[in-house]
Every structure is written in C-alpha cells, then in structure tokens.
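Here's the structure we're looking at; comments come further down.
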2 protein chains.
Amino acid sequence: MVELSGDGSGEGLSPYLWFTLYELLLLGAVSGAVGISTTRLAGLLGCSQQSASRHLKLLEEMGLVSRRLGAGGSLVGITGAGLDVLSEVYFAMKGWIEGSGEGTLVFEGIVFSGMSQGSYYVSQPFYRGQLREKLGFDPFLGTLNLRMGEGYLEQRRVLEGWPAIRIEGFRSEDRAFGGGRCYPLLVNDEVEGALVVADRTAYDLSVMEVIAPVNLRERLGLEDGDTVRLTLQMPDIVSPEADG
Amino acid sequence: MVELSGDGSGEGLSPYLWFTLYELLLLGAVSGAVGISTTRLAGLLGCSQQSASRHLKLLEEMGLVSRRLGAGGSLVGITGAGLDVLSEVYFAMKGWIEGSGEGTLVFEGIVFSGMSQGSYYVSQPFYRGQLREKLGFDPFLGTLNLRMGEGYLEQRRVLEGWPAIRIEGFRSEDRAFGGGRCYPLLVNDEVEGALVVADRTAYDLSVMEVIAPVNLRERLGLEDGDTVRLTLQMPDIVSPEADG
DNA sequence: ATTACTAGCTGTCGAGTAA
DNA sequence: TTTACTCGACAGCTAGTAA
C-alpha cells in the first residue's frame with residue numbers, strides 16, 4: 001500500500017494504481033479528459049490490456065479518475081482527489097530532488113505577514129553590527145516570514161547539521177536578547193539573504209525568517225500567499241589537514 | 001513494472017520498489033546515508049519488516065541504493081542511479097502539477113544562446129507593429145531561447161489547443177517573412193512576455209523563444225544554463241451565448 | 001475496433017525463525 | 001537488538017473470450 005501521510009485521501013492505493021494514475025497525468029489527463037484506450041495505456045504501462053482496464057475501473061471506483069466510455073476508446077480525466085494523490089508525492093520529493101546537487105538544500109514556503117517584530121530585533125545595534133560583519137551585508141530592517149509545507153522537517157533536520165553563522169545574544173538595560181544563527185541563502189535564485197534562526201523563537205518550526213540587504217517584498221514583488229524558494233549551499237569546510 | 005522512458009536505467013523496477021526508494025528519499029537518504037532499520041522502514045511503508053528487508057536488498061542489487069550493514073541498523077544512501085529513477089518521475093510530473101490550476105500550463109527550460117536571429121525578426125517593422133498592438137508591449141529586440149526538457153511534448157500539445165494571438169507574415173522587397181503565433185506568459189512568475197512560435201521555425205520542437213518588453217537576460221540576471229519558468233494562462237473564451 | 005469477465009499462473013507478502 | 005531465509009497464502013497478472 002502507498003501510505004499517504006495525513007488525511008488518508010489515498011488510503012489503500014496500491015503502488016500499481018498510483019503509477020497508472022501517474023501515467024494518465026503524463027498523458028495530460030489533468031487539462032481536461034484525454035482520449036485513451038486500455039490497449040494504448042497498457043502499452044505505456046508495460047502491462048496487459050486487461051490490467052490497464054482493471055486499473056482504470058478501480059481508480060474510478062476510488063474517485064481518482066472520471067471516465068466516459070465510448071466507442072473507440074474512453075475519455076479519462078483525473079479528478080481533484082486524484083491530483084491530490086499525485087501532488088502529495090510530487091511535493092514530498094520537491095525539496096530533495098531540487099536540492100540534490102552536492103550539499104544544496106532547497107526550501108519552498110509561503111509568504112505571510114508575521115508579527116512584524118523582525119524589524120525590532122534586526123534594528124538592535126548589537127545584532128545589526130554582527131549581521132553586517134558576519135554576513136557581509138547591512139540587513140534591511142525587517143524579516144520575510146515564510147510558512148513552510150508539511151514534509152520539510154526532515155530537510156530542516158539536515159540543515160541543523162550544517163555549520164551556521166553564530167549570532168551572539170546580549171543584555172540591554174531593560175532585557176536580555178537571545179542568540180541565534182544564520183544560514184546564507186539565495187531567495188528565488190536571485191537575491192542573496194540569510195535564514196535567521198533564533199535559539200529561542202516565538203514561532204514554531206514551520207516558520208522561517210529571512211533577512212536580506214534589500215526589502216524582499218519590494219524587490220521581488222511579493223504578496224502574502226506567494227511562494228518563495230530558498231536555496232542554501234553548504235559552505236566548504238576547509239579542514240586544517242587538507243592541503244590547499 | 002515501472003516503465004521508465006528512455007535509457008532504461010530503471011528498467012524493470014517494480015512500483016513497490018520505487019515507493020521504497022521514494023520513502024528513503026523522504027528520509028533524507030540523498031544528503032549522505034541515513035541510519036534506518038528495516039523495522040522502522042517497514043513502519044513508514046506500511047509493510048512487514050521482511051518486505052522492507054527484501055526491498056532494500058533488491059534495490060542494492062540494482063545499484064539504486066548503497067548500504068553499510070552494522071549493529072543496530074544499517075546506513076542506507078541513494079546512489080546517483082537511484083536518484084535518477086526518482087528524478088525522472090518528479091520532473092515528468094513537474095509541468096502538470098505546477099500548472100494544475102484551471103487552464104494553466106507551466107514549462108521549464110534552460111537558457112541557451114541561439115543564433116541571435118531573433119532580434120532580426122523582431123526588429124522588422126511589420127512584425128514589431130503587430131506585436132506591440134496585439135500583445136500590448138513594445139518587444140525588446142531579441143528573444144530568449146530556451147531548451148526544453150524531454151517530457152514536455154504532451155504539455156506542448158495541450159498548448160497547441162489553446163487560442164493563440166496570430167501574427168501575420170509579409171513580403172519585403174527581398175524575401176518572404178512567414179507568419180506565426182504568440183502566447184502571453186509570465187517569465188519566472190515575475191515579468192510579462194510572450195512565447196513566439198513561427199509557423200515554420202528553424203528550431204525543432206524542443207526549443208522555445210520568448211519575447212518581452214525588457215531584456216530578460218538583464219532583468220532576471222540570466223546566464224546560459226539557468227532554468228527559466230514560463231507560466232501560461234489560458235485566456236477566458238467569452239462565448240457569444242454566455243451571459244455576462 | 002472497444003471494455004471487461006473468468007480461470008489459472010506468477011510474484012509479492014508476511015509469519016515463523018535462524019544467524 | 002539487528003538482517004534475511006523458507007514457505008504457505010493471496011493479490012495482481014495474463015490469456016482466452018464475451019459483449
């Protein structure tokens with residue numbers, strides 16, 4: 001069984017059926033129904049006509065495809081539920097495949113309006129000085145808040161294993177400011193910035209905060225709800241033994 | 001069998017095994033080997049420990065994963081060949097899933113330097129005037145050439161079914177200039193432009209030419225080899241019968 | 001030409017168990 | 001604790017064939 005995490009919409013869908021659904025996707029059965037005979041589908045799947053027929057029947061019963069049988073073939077379209085089943089696999093793979101270059105991680109998140117405390121912290125001179133010195137840019141006074149998808153936690157765990165740029169905390173007259181760490185990155189493959197992770201953060205793990213030398217919302221024309229891609233490259237660790 | 005088109009690198013890989021490989025991907029077995037016991041893997045796959053063990057063994061024999069057996073679990077890593085098998089499915093789905101909003105198509109292509117004849121054609125006053133009038137912008141005198149991936153032909157076929165903006169040909173003193181059609185689009189979700197398809201093109205189908213009101217290479221900081229995303233939205237067809 | 005049923009075969013699964 | 005073997009059970013496959 002293909003265990004689809006969470007809602008169980010695809011509960012009990014066998015791998016065989018998933019691949020038949022996948023083949024229908026490649027035939028373009030999402031942009032409206034596509035005319036396909038069981039014989040041709042069987043050819044594409046590398047199985048018998050009978051199996052293709054059975055698969056379609058089962059997928060229809062599960063509500064993952066809709067069919068209109070007619071002479072000379074049937075019209076097959078993937079339903080919303082069917083697309084969900086395929087999307088789930090696609091998006092789960094996304095971060096890993098896109099970032100599969102050596103030592104690269106790719107995250108995608110949705111822009112949202114945070115509590116706007118980012119600017120308060122970034123503008124603290126002690127933080128700001130450290131950021132400028134250690135990141136090589138003077139941060140724009142505000143952070144871009146991203147809400148991350150579900151399947152990113154394993155990736156996040158990999159990131160935790162990477163060397164980070166340490167930002168020290170400090171104590172003002174009134175209160176204590178905690179430390180944190182930064183990971184330099186590229187926003188939408190275009191603008192340099194850094195992921196900021198406070199040691200003690202107000203947000204949960206499903207949120208990422210990004211700083212950059214520019215106002216990212218303006219520079220990239222971002223609105224709440226837009227998707228943003230973060231590309232992180234693991235820094236080369238120059239071991240002391242290694243010969244240059 | 002999961003029929004993987006082309007090179008046959010994953011020839012004969014059964015759907016069951018593909019999903020086991022997929023589960024390993026989600027565990028992060030691409031960023032170095034991951035420690036996992038067959039019991040835990042079985043839990044994630046929803047199958048027995050024996051099956052998980054058998055799957056790993058088979059995947060290893062096929063060269064799709066590498067293992068280092070040890071006490072208290074084994075270290076499993078996906079090989080390059082294994083990642084290819086997963087990537088193939090991922091990239092095949094990409095265009096369809098990303099563009100699965102009603103009437104949306106998404107293409108991704110690689111920037112390359114064309115024969116630079118685009119500017120010659122676009123600068124022809126008769127073409128240029130039509131483009132300005134029908135597209136609503138004055139095109140930059142040059143085209144962005146994209147080399148498309150393998151699995152995009154079905155999508156391209158869907159696009160052929162969409163209404164296009166017709167560009168008429170003409171005849172100068174010296175020679176004849178053929179007609180073509182345009183499809184408005186968004187480049188990298190950011191800059192408006194249009195796909196230009198000549199009725200008789202010098203390139204094969206695996207190439208797309210994009211025009212825009214600005215120099216796309218400059219505006220988006222593109223170099224040869226960069227990936228560019230084209231988002232096309234099917235125009236609403238206002239049928240004469242329909243009531244507004 | 002289609003789709004899909006029945007019958008029999010094959011391959012996959014998982015409990016038991018060994019190492 | 002691991003991994004992985006044997007083997008009975010059965011899900012999924014294909015050939016033949018009907019509609």
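Numbered from 1 within each chain, the chains take letters A, B, ... in sequence-line order.
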Kindly give the atom pairs (protein nitrogen or oxygen, nucleotide nitrogen or oxygen) under 3.5 Å for nucleotides 17-19 of chain D.
none

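- B:R40 comes within 4.0 angstrom of nothing in the nucleic acid, heavy atoms only.
- The nearest whole Å value for the distance from the CG atom in B:L69 to the P atom in D:dT2 is 13 Å.
- Which of C:dA4, C:dC13, D:dA4 sits closest to the side chain of B:S53 comes down to D:dA4.
- Protein atom CG of A:L59 is 12 Å distant from nucleotide atom P of C:dA4, rounded to whole Å.
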Exercise answer: donor-acceptor pairs, residues 66-79 of chain B side-chain atoms, under 3.5 Å, sequence neighbours excluded:
from  : atom 1 : to    : atom 2 : distance (Å)
B:R67 : NE     : B:E60 : OE1    : 3.2
B:R67 : NH2    : B:E60 : OE1    : 3.0
B:T79 : OG1    : B:G63 : O      : 2.6
B:T79 : OG1    : B:L64 : O      : 3.1
B:T79 : OG1    : B:A81 : N      : 3.4
B:T79 : OG1    : B:G82 : N      : 3.2

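- With A:Q155 contributing its side chain and A:V106 its backbone, the two residues share a donor-acceptor pair below 3.5 Å.
- Note on A:T38: every side-chain N or O is 4.0 Å or more away from OP1 and OP2 of C:dT2.
- The minimum heavy-atom distance linking A:M93 with B:L86 is given by the pair SD-O, 4.0 Å.
- Per the geometry, CD belonging to B:E60 stands 12 Å off C1' belonging to D:dA4, to the nearest Å.
- The interatomic distance linking B:I36 (CD1) with D:dA4 (P) rounds to 14 Å, in whole Å.
- Rounded to a whole Å, the CG atom of B:L45 is 15 Å from the P atom of C:dT12.
- Phosphate contact (OP1/OP2 of C:dG11, side-chain N/O of B:S14, threshold under 4.0 Å): absent.
- Ring geometry for B:W18 against B:Y22 counts as parallel: the plane angle stays under 30°, on a 0 to 90° scale with 60° as the upper cut.
- For A:L56 and C:dC5, the CG to C1' distance is 16 Å, given to the nearest whole Å.
- Within 4.0 Å of A:S51, counting heavy atoms only, lies at least one base atom of the nucleic acid.
- The shortest distance between the side-chain N/O atoms of B:H55 and the OP1/OP2 oxygens of C:dT12 is not below 4.0 Å.
- In this entry the distance linking CZ of A:R54 with P of C:dC5 reads 11 Å, nearest Å.
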Side chains of residues 34-48 of chain A: which donor-acceptor partners sit under 3.5 Å, not counting sequence neighbours?
from  : atom 1 : to    : atom 2 : distance (Å)
A:S37 : OG     : A:T39 : N      : 3.4
A:S37 : OG     : A:R40 : N      : 3.1
A:T38 : OG1    : A:Q49 : NE2    : 3.3
A:S48 : OG     : A:S51 : N      : 3.2
A:S48 : OG     : A:S51 : OG     : 3.2

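- Between A:R67 and C:dA4 there is a side-chain polar atom (N or O) within less than 4.0 angstrom of OP1 or OP2.
- Counted within 6.0 Å of CD on B:E102, heavy atoms from surrounding residues, nucleotides or ligands total 12 or fewer; the atom is thus considered open.
- In this structure, A:L58 places its CG atom 13 Å from P of D:dA11, rounding to the nearest Å.
- In summary, B:R157 and B:E160 do not engage in a salt bridge, as defined by a charged side-chain N under 4.0 Å from a carboxylate O.
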